[in-house]
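These notes are about the structure you will find just below.
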Amino acid sequence: MADPLVKLEKLKKNFPLGRSFFGRTGYNVRAVDDFSLEIFPGESFGLVGESGSGKSTIGRCILNLLSPSAGRIEFAGKTIFDSEKGIHLSYKEMLPLRRDMQVIFQDPTASLDPRMNIGNIVMEGLKKHRIVERGEVEKTAGDYLELCGISRDLSRRRPGEFSGGQKQRIGIARALALRPRFIVADEPLSALDVSVQSQILNLMSSLKKQFNLTFLFISHDLRTVEYFCDRIGVLYLGSLVELGSTDDIINSPLHPYTQVLFSSVPQDMPGPRPVRTQLRGEIPSAINIPPGCKFHTRCPYSKDLCSRSIPVSEKAGEGHFVACHRWRELLWEKAGDNAAADI
Ligand code: ADP
Ligand code: MG
């Protein structure tokens, strides 16, 4: 198997809080908690989980936009961050890597400078990273805009003159013009009208194939993830609860949380779906994470053990991992129910 392009080992990110609501100090938001993952060249890895589960924080740590609290991050074989060895690349040291890792943001309006024309927005990175000869910069920027469905004749217009979908196309052209290897797409569709979401998704799919891009695709829209991603990781309060191929996660989810998440996806797709289970309450605060299995306070199958002991990630199949004390038992129970229903 190829070496991973991105490797995360026991990544932690805490946000210290000066003073809690009750006036106590020294509190941490444990946004990312011992998170390990490898993303391989050419794959689209989907990271899903409720709002506040730490998805954006992971993306921003990889891009070095946030400084992790502990762990290790490697990109293309180069260590970006290693808390044990005291390695943390500076802005300048990151520059050559930064070209290789780009980001598509959720809100295209906020991510494009309203005072610049869109030609200059795409040209900025081409100049900074000296991607092409000076004389070629304008033409190249136009080429990338057109590849993303925006006519080069509109290069002198500013972002404010474009629709949300068009702005996202401009953001994609800006990222793509640097010929990156890796793209973090953080909820790239959620600020767009439903009518244009599929167009942008199709654009990203075709660019992915054309340029052999590797994606970390962050989303809470599970149908989009199902369409776009090869593998999926399910995040709960900063930790992976399940990891597997898209087929594993959609058709044979093992963790009760995954089952709940994906059972809420509308059932108009072919294939079997998990039985709908109920989720109790809201996601706990990342300041006050439950002991044992973090999910036990909401899990319909929780037992005493779950509140006492942290489940380790166990291999459930080829490339399929689950962190739940009871996954085997529950699978047997379900198999028993199905057999009973067949009689
Ligand atoms: P997601 O992208 O899955 O919605 P985030 O990564 O944005 O989640 O946030 C994870 C947790 O970290 C949340 O509890 C959030 O409130 C907290 N958080 C994120 N950024 C900050 C910050 N700059 N300061 C304090 N807490 C933060
Ligand atoms: Mg987010």
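Both counts, for ligands and for their atoms, begin at 1 and track the order of listing.
- Under the 3.5 Å distance criterion, with hydrogens and angles disregarded, no donor-acceptor pair is assigned to the side chains of Asp33 and Tyr236.
- The protein atom (non-hydrogen) at minimum distance from atom 7 (O) of ligand 1 is Ser56 CB, 3.9 Å.
- Using bins of under 30°, 30° to 60° and over 60° for the plane-to-plane angle, the ring pair Phe81/His88 lands in the perpendicular bin.
- With respect to atom 4 (O) of ligand 1, the closest heavy atom belonging to the protein is Gly52 N, 2.7 Å.
- Note that atom 15 (C) of ligand 1 has no protein non-hydrogen atoms nearby, at separations under 4.0 angstrom.
- Within the 6.0 Å centre-distance limit, the rings of His255 and Phe295 are counted as a close aromatic pair.
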**OP:** Please step through side chain to side chain contact (heavy atoms under 4.5 Å, CB included) for the pair Phe321 and Asp248, ending with a clear verdict.
**Re:** CA-CA 10 Å; Phe321 297 88; Asp248 287 338; over 6 Å; no
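- With hydrogens left out, the protein atom closest to atom 19 (C) of ligand 1 is Phe15 CE1, 3.5 Å, a heavy atom.
- The distance from atom CG of Leu240 to atom OG of Ser36, rounded to the nearest 0.5 Å, is 8.0 Å.
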**OP:** Show the numbers, then the answer: is there a side chain to side chain contact (heavy atoms under 4.5 Å, CB included) between Leu189 and Ser219?
**Re:** CA-CA 8 Å; Leu189 308 176; Ser219 180; over 6 Å; no
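- Not one N, O or S atom of Ser51 sits under 2.8 Å from the Mg ion (ligand 2).
- Here the heavy atom of the protein found nearest to atom 9 (O) of ligand 1 is Thr57 OG1, 3.8 Å.
- The shortest N or O to N or O distance between Gly54 and ligand 1 is under 3.5 Å.
- Taking atom 17 (C) of ligand 1 as the reference point, the nearest protein heavy-atom neighbour is Val29 CG1, 3.7 Å.
- Only side-chain heavy atoms of Ala286 come within less than 4.0 Å of ligand 1; its backbone N, CA, C and O stay farther off.
- Contact between Gly49 and ligand 1 is absent, with no heavy atom of the residue lying under 4.0 Å from the ligand.
- Between Phe228 and Phe215, the ring center distance clears the sub-6.0 Å criterion.
- Using modelled atom types, one finds a donor on one side chain and an acceptor on the other under 3.5 Å when comparing Thr109 with Lys167.
- Scanning the protein heavy atoms around atom 12 (O) of ligand 1, the nearest turns out to be Ala31 CB, 3.3 Å.
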